[in-house]
Structures are given as structure tokens and as C-alpha cells.
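What you see below is based on every heavy atom in this structure, not just the backbone, and it leaves out hydrogens, waters and symmetry mates. Note that the structure is a prediction, hence the values are computed from the model and not measured.
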Amino acid sequence: MLILVSPAKTLDFDNPAGTNSYSMPTLLDQSEQLIDVCRQLTPTDIASLMKVSDKIAGLNVARFSSWHKEFTPDNAKQAVFAFRGDVYTGLDADTLSEASLQKAQQQLRILSGLYGLLKPLDLMQAYRLEMGTRLVNDRGTNLYQFWGDIITEELNKTIDEQAEDFVVNLASNEYFKAVKPKKLKANLITPVFKDCKNGQYKVISFFAKKARGMMVRYILDNNVTSLEGLTQFDTAGYYYSEKDSTANEPVFLREEQ
């Protein structure tokens, strides 16, 4: 079972990672090409392109300028510990055992606008480049055109190597659009999380993001390998609703908090 999640805007490069183990991203040559494009942008360009403040734009100009491909634990950090945000709060990587981290290294993949695809322990340098950014490049006018089939092909390599039956999509729509579902060599499962509010079950972004991270943790902690095992997810009060689900879209509900 291969799991996909999105990255996070919030980064933590101040606190130490929870392990000394690390790996290297496989698509760094592609990342370097994007960095070359980004280095041509002024702070004003970045502020407009990414819709961020002048302060954040300036920070990212500095990040693009200092980025270089020789990653070490001194100038980079393992992705699963560098990203912070709702999904990563739900995952709570800081409390994973070394054995669980190695399991995550096999099963979890993080989609990224700059790095394409990251394993949890892949070193990364700080950046901000969301997948939906309309960054003009040699392959088109946005990052979806830049990555093309590259991310899907990389996923298929892992599917073949590990004989995976399922890809569990816990990424946002923005990031999953970088994957070509029809070309994946495994069954695609996209869980949906709905919370009850004012008597109606709705996808509430904050809760859904955290639930995605909690489902990753549940899969790792319980050695889930099947769709049946996935439907047993019951963290934080969520429960599987068979009547609301389809074969490829299991729905999990939670009562009003």
C-alpha cells in the first residue's frame, strides 16, 4: 500500500529531526532546473506569482539563491520532520519509532512542487513552490506541465519494485493533479473525511487535513495492507460509512465536536 500526501507551507528547520537516518531525493536534477527558473524572479515577481507578502517573497528569493544540490544533514532536513501543518500534526512523525519511520520510508510519498516526489527521510532544503503555481518554464506555463509524467513514472517504479496493490491518495486536489491516475499500475483509493456541522456532514478543510495525517499514522501503526483494513480506521472519532462509500472512495464520518 503506497500512500500519497501533500507537503506543507509551514517549515521547521530550527529543531533537530527525530532520526539520524536520511536518504536523497531521486528527482534533484529536475529540481535544479526549477531553481534556475526561480532565480530569475524578482521579489516583486514572487509576491505576485505566489500571492505572498513582500517579506515572504524576500525570504524565498534568499532560499532560491542559497539552494544547491549537495544536500547534507547540515544544510538540509528530512522531509517528514521539515514539513509542519495540519497533515503533519495528524501524522505526528516526532513520535514514530525508528522501525515505523523505515516503514514510512517504504510506503509514504510526499508530492512537491519543487522536488516532485519525496520519501519521508529524503533531505530537502527550505523552499516554497506550490504545485498550482503558474511558473513559466521550458516545458510549459505551470508546474503540472513541467512535471508531466515524471511523478507518475516514479510512482510506478515503486509500485513495481514493491508489488503494491493500492495507492491511497491522501493528497489535496492541487497536488494530486500532478499524478496521472489512468497511468498508475495500482488500484487508486481516495478516502474522504466528513465532519458533522449543524446536522450535516461536510468536508471541513482543517479537520480533513488532520484526518489524512492520522490515517497515514493508522496505516503505519496497524500494518494495514488491504482496503478492508483501511475501513477499520477509527482515530479521533471517525468511522467508516459503508452506505456513503464507493469501491474507490471510502467515506469516514465524525459526529459534531
Side-chain angles (χ1 to χ4, degrees), residues 1-28 31 71-131 151 154-155 158 162 164 166-172 174-176 189 191 193 205-225 229-230 232-238 252:
M1 184 172 283
L2 198 61
I3 313 161
L4 302 180
V5 295
S6 304
K9 294 177 186 176
T10 304
L11 302 175
D12 176 7
F13 277 80
D14 296 324
N15 296 301
T19 181
N20 292 322
S21 301
Y22 66 87
S23 52
M24 298 300 292
T26 56
L27 300 174
L28 275 181
S31 304
F71 287 9
T72 72
D74 293 325
N75 66 22
K77 188 176 181 181
Q78 296 91 328
V80 77
F81 295 106
F83 289 123
R84 299 294 176 179
D86 300 328
V87 172
Y88 296 87
T89 297
L91 172 57
D92 194 14
D94 293 327
T95 64
L96 286 171
S97 66
E98 189 68 28
S100 292
L101 278 173
Q102 293 305 322
K103 193 184 302 179
Q105 184 77 344
Q106 296 297 313
Q107 291 187 261
L108 181 61
R109 295 295 180 269
I110 303 168
L111 298 167
S112 165
L114 177 60
Y115 294 102
L117 202 62
L118 290 164
K119 299 183 293 295
L121 299 181
D122 279 353
L123 292 178
M124 58 170 258
Q125 291 176 2
Y127 77 101
R128 179 161 175 168
L129 189 64
E130 295 169 53
M131 190 64 82
I151 291 172
E154 198 66 25
L155 288 170
T158 302
Q162 300 180 181
E164 301 288 357
F166 298 99
V167 171
V168 181
N169 171 30
L170 293 169
S172 65
E174 174 188 351
Y175 279 88
F176 190 70
I189 306 297
F193 304 95
S205 180
F206 168 75
F207 292 131
K209 288 177 182 177
K210 192 171 181 181
R212 290 170 188 157
M214 291 190 293
M215 178 165 274
V216 176
R217 183 62 181 257
Y218 181 86
I219 292 170
L220 296 175
D221 285 348
N222 294 278
N223 297 310
V224 176
T225 58
L230 200 67
Q232 301 303 307
F233 172 75
D234 59 357
T235 304
Y238 284 99
F252 298 86

**Student:** Would you mind reporting whether L155 and L2 have side-chain heavy atoms less than 4.5 Å apart?
**Tutor:** yes
**Student:** Hey, what do you get for CZ (R212) to CD1 (I3), rounding to the nearest 0.5 Å?
**Tutor:** 14.0 Å
**Student:** Can you tell me how far apart CD1 (I219) and CG (L170) are? Round to the nearest 0.5 Å.
**Tutor:** 6.0 Å
**Student:** My understanding is that only one of T158, T26, V80 makes a side-chain contact (heavy atoms from CB on, under 4.5 Å) with K119; could you say which?
**Tutor:** T26
**Student:** For F252 and M215, what are the C-alpha separation, side-chain angles and deciding distance, and is it a side chain to side chain contact (heavy atoms under 4.5 Å, CB included)?
**Tutor:** CA-CA 11 Å; F252 298 86; M215 178 165 274; 3.6 Å; yes
**Student:** Do the side chains of I110 and M124 get nearer than 4.5 Å, heavy atoms only?
**Tutor:** no
**Student:** Give a yes or no on whether K210 atom NZ has more than 12 heavy-atom contacts from other residues, nucleotides or ligands under 6.0 Å away.
**Tutor:** no
**Student:** Which pairs pass salt bridge (Lys or Arg N to Asp or Glu O under 4.0 Å) with one or both residues in residues 94-118, sequence neighbours excluded?
**Tutor:** R84-D94
**Student:** Just by distance, do the side chain of S31 and the backbone of L114 share a donor-acceptor pair under 3.5 Å?
**Tutor:** yes
**Student:** Measuring from atom CG of L117 to atom CD1 of I151, what distance do you get when rounded to the nearest 0.5 angstrom?
**Tutor:** 6.5 Å
**Student:** Enter the distance from L108:CG to L91:CG here, rounded to the nearest 0.5 Å.
**Tutor:** 7.0 Å
**Student:** Quick check: do N20 and P73 have side-chain heavy atoms less than 4.5 Å from each other?
**Tutor:** no
**Student:** Would you call the rings of F193 and F233 parallel, tilted or perpendicular, taking 30° and 60° as the class edges?
**Tutor:** perpendicular
**Student:** Do Q125 and N75 come close enough that some side-chain heavy atom pair is under 4.5 Å?
**Tutor:** yes
**Student:** Compare all side-chain heavy atoms of S6 with those of L111 and state whether any distance is below 4.5 angstrom.
**Tutor:** no
**Student:** So, taking the atom named OG in S112 and the one named CD in E130, what distance separates them when rounded to the nearest 0.5 Å?
**Tutor:** 11.0 Å
**Student:** Considering non-hydrogen atoms only, spot the tightest contact between D92 and R217 and give its length.
**Tutor:** O-NH1, 2.8 Å
**Student:** Please lay out, stage by stage, how Y218 and D234 fare under the test side chain to side chain contact (heavy atoms under 4.5 Å, CB included).
**Tutor:** CA-CA 9 Å; Y218 181 86; D234 59 357; 3.9 Å; yes
**Student:** Could you tell me whether the side chain of V216 reaches within less than 4.5 Å of the side chain of Q107, counting heavy atoms only?
**Tutor:** no
**Student:** As an exercise, state the distance from CG of L220 to CG of L101, rounded to the nearest 0.5 Å.
**Tutor:** 9.0 Å
**Student:** Check whether any side-chain N or O of K77 sits under 3.5 Å from a backbone N or O of D12 as a donor-acceptor pair, and report yes or no.
**Tutor:** yes
**Student:** If you look only at pairs with a residue in residues 89-118, which of them pass as a ring pair (Phe, Tyr, Trp, His ring centres under 6.0 Å), with sequence neighbours excluded?
**Tutor:** Y115-Y127
**Student:** Mind checking whether D122 and F71 have side chains closer than 4.5 Å, heavy atoms only?
**Tutor:** no
**Student:** Please evaluate residues T19 and Q78 with respect to the criterion side-chain hydrogen bond (donor to acceptor under 3.5 Å, both in side chains), reporting the C-alpha separation (whole Å), side-chain torsions for both, the decisive distance (0.1 Å), and the verdict.
**Tutor:** CA-CA 9 Å; T19 181; Q78 296 91 328; 5.4 Å; no
**Student:** Start with the C-alpha gap between L121 and F81, add the side-chain angles, then the distance that decides, and say whether side chain to side chain contact (heavy atoms under 4.5 Å, CB included) holds.
**Tutor:** CA-CA 8 Å; L121 299 181; F81 295 106; 4.3 Å; yes
**Student:** If you apply the rule side chain to side chain contact (heavy atoms under 4.5 Å, CB included), what do you find for L11 with R128, and how did you get there?
**Tutor:** CA-CA 9 Å; L11 302 175; R128 179 161 175 168; over 6 Å; no
**Student:** For residues L27 and G116, report the shortest heavy-atom separation together with the two atoms involved.
**Tutor:** CD1-CA, 4.3 Å
**Student:** Within a radius of less than 6.0 Å around OH of Y22, do more than 12 heavy atoms belonging to other residues, nucleotides or ligands occur?
**Tutor:** no
**Student:** Is there a side-chain contact between F166 and V224 (heavy atoms, below 4.5 Å)?
**Tutor:** no
**Student:** Measure across P120 and A104 and return the closest heavy-atom pair with its distance rounded to 0.1 Å.
**Tutor:** CG-O, 3.4 Å
